[in-house]
Enquirer: 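This is the structure I have questions about; it appears just below.
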Amino acid sequence: MLELRGIAKRYGRFALEALDLKVMSNEYCVLLGPSGAGKTVILEMLAGLIRPDAGQVLWDGRDITSAAPETRRFAMVYQDYALFPHMSVRANIAFGLRSRGVTRTEAAGRAEAVARNLGIAELLARRPATMSGGEQQRVALARAMVTEPKLLLLDEPLAAVDIAGRRRLRDQLKQLQQRTRTTFLHVTHDIDEAMFLADRAAVILDGRLRQVASPEELFRRPSDRDVARFLGMRNILDVVCSEPGFCRARGVTIHVAGSDVATRHVWIRPEEIILSGQPFDSSARNQFHGHVAQYSRAGDLLAVEVDCGDLELTALVTYASFECLAIQKGRQVYATFKSSATHCF
Amino acid sequence: MLELRGIAKRYGRFALEALDLKVMSNEYCVLLGPSGAGKTVILEMLAGLIRPDAGQVLWDGRDITSAAPETRRFAMVYQDYALFPHMSVRANIAFGLRSRGVTRTEAAGRAEAVARNLGIAELLARRPATMSGGEQQRVALARAMVTEPKLLLLDEPLAAVDIAGRRRLRDQLKQLQQRTRTTFLHVTHDIDEAMFLADRAAVILDGRLRQVASPEELFRRPSDRDVARFLGMRNILDVVCSEPGFCRARGVTIHVAGSDVATRHVWIRPEEIILSGQPFDSSARNQFHGHVAQYSRAGDLLAVEVDCGDLELTALVTYASFECLAIQKGRQVYATFKSSATHCF
Amino acid sequence: MAQMDSIGTTTEGLARRRMPWFGLLAGVVGSCLVLFIVAPLAGMTLSCSLSDLSAAAAEQEVRSSIRLTLLCAMFATVACTAFGVPLGYLLARRRFRGRSLVLAIIDLPIIIPHSAAGLALLTVIGRHSLIGSVSERSGLLLVGAPAGIAVAMAFVSVPFLVNAARAGFEAVPQRLERVARTLGATPARVFFSVALPLAWRDILGGMILMWARGISEFGAVIIIAYHPMTTPVMVFQRFKDYGLDSARAVAVLLVGICVGIFVVLRLLARRPKASEAGHA
Amino acid sequence: MAQMDSIGTTTEGLARRRMPWFGLLAGVVGSCLVLFIVAPLAGMTLSCSLSDLSAAAAEQEVRSSIRLTLLCAMFATVACTAFGVPLGYLLARRRFRGRSLVLAIIDLPIIIPHSAAGLALLTVIGRHSLIGSVSERSGLLLVGAPAGIAVAMAFVSVPFLVNAARAGFEAVPQRLERVARTLGATPARVFFSVALPLAWRDILGGMILMWARGISEFGAVIIIAYHPMTTPVMVFQRFKDYGLDSARAVAVLLVGICVGIFVVLRLLARRPKASEAGHA
């Protein structure tokens, strides 16, 4: 188990305040934060390449804060692959074993075995410069995994890979972790990537750890408004809740299932807001009248912003409903949602 | 009107083959292509900064292929702003006017007027280095617009701006174009950006112009499979259509509204595929049985891949339906869609 | 499992025998080299008393020689700047045929022996050459005169200026110049209002370096002009005629001047880096 | 509208008077400078007939002098490589206190006058100094001997080696070294199996440059040893004793050797750029 105790670091513009984090053995842990937030620095501190200003790094309870990188057996995989350009793929993969005194023949054999596992056996004789991003990253992965690290540190490993290769590599990462039961610590700014890969995800914003939870839990119950915003959640309202089940947001009362006096924010799932040209009776408890302020494409759907006076709601609708409702700026619409489409935190 | 006739260029790895394109006066034209496809080179050829290997650039019918950049009145806005670091914002904006012999006082006055319009009047005395990305890009925009260019060339102007500023700048770009009726030519790899801004969008893939159309038309009727893929459309099937209304894709027959013998591909809108645990009777003409192969987050929804034997379908579902259906790998489901949820091309 | 153990043991072994011996060794070896450069200069300076120094500084002959040296080098620098800066700009911005040949030619004076360089200059500006005889008839003495000294200094030190100017212009993002063109600036205006203001610090650094190199030139100068005597030549002449002790004070003075100029150069070079870091 | 017209007119004006005069002017001015470097060398070479050259090349005195010069410079280069490469690595990778001072010290030999540098070396290795007397008693003559010549060459040319090695190591992405550490490589193994193989081309370039600079050294060498005579000193001595014509053939031979080495260096420096472009 990896444990960080009060790790702090200032490094250029990057500032990390007293980070406490535990990474369990054999888990796939994802460190999630905006790009440019210095997540690489955290990994390099764990690897022993950069010394923290304060705090301790522990592995299975032993303080390794000042241990040399080569003694830790934490292998690093960088975003830009960092393959040795003067070596063949085979020599790249065998490098770690050779560094640890494994004989040439044995190292070559084990390199080949790992390469076969990752589907890059046919690349073994080639030089890194001639390969695609996805291939290079798989070689980097093989080079790290062949040393049987206690902890694999992944620094945005998918970011520099083209879209086609990214998905395959993502699947391979997940499978590799599940097969080898190695502890993975993966930093990324990509929420979808974290959702897919993580057993647990840690959200770091403005140099502070905000929340550690499973991806599902993260979306269900973000710890605060910043985290929710970072996760891309629309329709987050600041509310006051005087009576269970009812929240007031800027003078409007909303029915919110499960809200109580501790509720500070309400999230209304935008894909569960139904737009209609006419009001209609239904079991949905919330209905607001407004006009379309703006719309834009959002992935495969359209995000329609509805200005309901005191309330601004964004609804996600399909192209079909968009055309069917003849949505345009200023169109009068009704936005309807069930109290169960809301989440409070 | 700008007209490109058979423009060709090899430049490092970038190769552009015989590009023919017309940009109408006063339109917002977006050049859409994957990043790294050398779209900047196209703009620099238009600006006269790089000479094409072959072909002609015409403005209002006059050949300007070999005219010097400073005589064209095509202003450039680069992704990385390219502000003059040794000048104040005021001097930056006034630069173009001063270069054209406008007096110092008049240039300063007109710079201020443009700055006020773009909401950067309070930055006039500052140096570019102290400003945020969004601010810098607005200064770059002001610097270009103050020269009243015939054509504004925008090279991924939003890419280096942080997410918060990007949306505001996008709105400003659209408004600016509509207010000034200047011809804008904007290159980007961001599909949502193109959708929002473009009057017409031109898709360039592998150095060839594939399609020029309004954004809506682009999504409704992509010219070929590559364009559809680039636009991120899922569920594109290669089909053979022997009888109008019926298409065969890998041994499966699908009801496709409006298909005829010319149909080569069918796109099934993933958000209109309904998943259910049991088969059900409905007006939907297509229903396939399969199991969940994979799922992942896709923006605000979940993408569920269903393996129906010969057919692989991806359905987009909300979190609520996902939980309600208890979707997991291997779960048996039925995928149902109406023949009107398909598009053929 | 056996494999893991074998690695485990190796790792433990590393952990035990871990000492920063590699860095230490490199440090010791590197220090030797630094010492090799510092020791002679320090030794010479320390073996020269303050009174020797002030006596040398008071000598009329020494003072006029230093004045001559500084002025000739300065004249050479200023004259070459007018030619070297445009050349540096061309080399930084244009990709013309023969560019790499020009780059190689610019570096030639650095690698050819300076005594041979002096001889080569003499072939061109000597009394029997075309240029030499014309300029002598028009009253401008070259060989054995300040003008010839300046020419010799210029020849051997101009690469430093051109290379610094080129590096300075290369560091100016080309997009700034391109955007300026699209805003209506002519190439000349781009040069004077964008490229030059952004590269001037490097150019100034190059000028100072060229000046310092000109001051310290010996081989080419002694061939063109033994008299009037520049200070490096005087160091040699005194050593040859009166021995080490007599030459030392002049040498220390001269080294002091060069090091002083060099320190100014370093301070100048440091500032922009700091401000660039702010930009990034 | 009035504003647009005013700009419009100006633009038309530009279009009319448009000539590439700026580039042309810069080209002419730059060519003058290139000519200033080429003309003396070409003039000297052309005024020297092939028979003069072959006669000089046949002289025993000239041949042994060239052999001495090449060997001394080579010895200096090889010896300094062992010290300069680790120092270059430290300067490229570690951010220690006094790093910028060390960088400045390394450059000192370039800017101080070489006659003064020779004098400074004499203070340390002269007959009356500690090192000089010890080495003389143990049979190794320094002053007036090949060993002393090599020391003088090393002193003035070692900055080129250290700077080239430093630039070479700086061009190796630090991440490659970091990743190697996490894979279990010690700092020494990182140096020998990652940094050195990737920087060797720059280091070799630095060695060749140092060799060329050592061969061409005149000022420091003439102070340490007038005899045995290195070729740059011989050029000076023949010029002084017998005049320009007598020295010219030797000078041309010497310049030819230096330029030959320089061409090899340029060819070596060109190749990696091409392959890097392939990588990028």
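What you see is a predicted model; the values in this text were computed from it and never measured. Labels below follow one simple rule: chain letters A, B, ... track the order of the sequence lines, proteins then strands, and each chain is numbered from 1.
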Enquirer: When heavy-atom pairs shorter than 4.5 Å are enumerated against chain D, which of A:Val77, A:Thr130, A:Asp80 gives the highest number?
Expert: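 Counting heavy-atom pairs under 4.5 Å, the top option is A:Asp80.
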Enquirer: Count the heavy atoms of every other residue, nucleotide or ligand shown that sit under 6.0 Å from CZ of A:Arg104, and state whether that count exceeds 12.
Expert: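 Counting neighbours around CZ of A:Arg104, 12 or fewer heavy atoms of other residues, nucleotides or ligands fall under 6.0 Å, so no.
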Enquirer: Could you tell me whether the side chain of A:Met76 reaches within less than 4.5 Å of the side chain of D:Arg178, counting heavy atoms only?
Expert: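 Not in contact.
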Enquirer: Please list all pairs passing the side-chain hydrogen bond (donor to acceptor under 3.5 Å, both in side chains) test where one or both residues lie in residues 187-197 of chain D, with sequence neighbours left out.
Expert: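 Pairs touching residues 187-197 of chain D that pass the test: A:Ser99-D:Arg189.
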Enquirer: Within a reach of under 6.0 Å around CZ of D:Arg63, are more than 12 heavy atoms found that belong to other residues, nucleotides or ligands?
Expert: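 Incorrect, the count does not exceed 12.
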Enquirer: Should the heavy atoms of other residues, nucleotides or ligands under 6.0 Å from CZ of D:Phe169 be counted, would the total exceed 12?
Expert: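 Yes.
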Enquirer: What pairs meet the ring pair (Phe, Tyr, Trp, His ring centres under 6.0 Å) rule with one or both residues in residues 94-130 of chain A, with sequence neighbours excluded?
Expert: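 As it turns out, the ring pair (Phe, Tyr, Trp, His ring centres under 6.0 Å) pairs with a partner in residues 94-130 of chain A, which skip direct neighbours, are A:Phe84-A:Phe95.
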Enquirer: Of the non-hydrogen atoms in A:Ala47 and D:Thr182, which two are nearest, and what is the gap between them?
Expert: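 Result for this residue pair: CB-CG2, 3.9 Å.
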Enquirer: For atom NZ of A:Lys22, decide whether the heavy atoms of other residues, nucleotides or ligands shown that lie under 6.0 angstrom number more than 12.
Expert: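 Counting neighbours around NZ of A:Lys22, 12 or fewer heavy atoms of other residues, nucleotides or ligands fall under 6.0 Å, so no.
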Enquirer: Does any heavy atom of chain D fall under 4.5 Å from the side chain of A:Leu153, the backbone, both, or neither of them?
Expert: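 Contact with chain D: none, neither part.
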Enquirer: Within a radius of less than 6.0 Å around CZ of A:Arg181, do more than 12 heavy atoms belonging to other residues, nucleotides or ligands occur?
Expert: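 Yes.
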Enquirer: Tell me the closest heavy-atom pair linking A:Ala82 and D:Val179, and the distance in Å.
Expert: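 The pair with the smallest heavy-atom distance is O-CG1, 3.9 Å.
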Enquirer: Grab the two heavy atoms, one from D:Pro187 and one from A:Glu70, that are nearest each other, plus how far apart they are.
Expert: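 That would be CD-OE2, 3.3 Å.
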Enquirer: Would you sort out whether A:Thr71 and D:Arg181 count as a side chain to side chain contact (heavy atoms under 4.5 Å, CB included), showing the intermediate values?
Expert: CA-CA 9 Å; A:Thr71 63; D:Arg181 292 291 298 279; over 6 Å; no
Enquirer: Go through D:Arg175 and A:Asp155 one step at a time and tell me if the side chain to side chain contact (heavy atoms under 4.5 Å, CB included) criterion holds.
Expert: CA-CA 12 Å; D:Arg175 292 199 161 178; A:Asp155 177 22; 4.1 Å; yes
Enquirer: Where on A:Leu43 is there a heavy atom nearer than 4.5 Å to chain D: the side chain, the backbone, both, or neither?
Expert: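 Interface part for A:Leu43: neither.
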Enquirer: Between A:Arg127 and chain D, which part of the residue has a heavy atom less than 4.5 Å away: side chain, backbone, both or neither?
Expert: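 Neither part, no heavy atoms under 4.5 Å.
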Enquirer: Does a side-chain heavy-atom distance below 4.5 Å link A:Pro85 with D:Leu176?
Expert: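 They are in side-chain contact.
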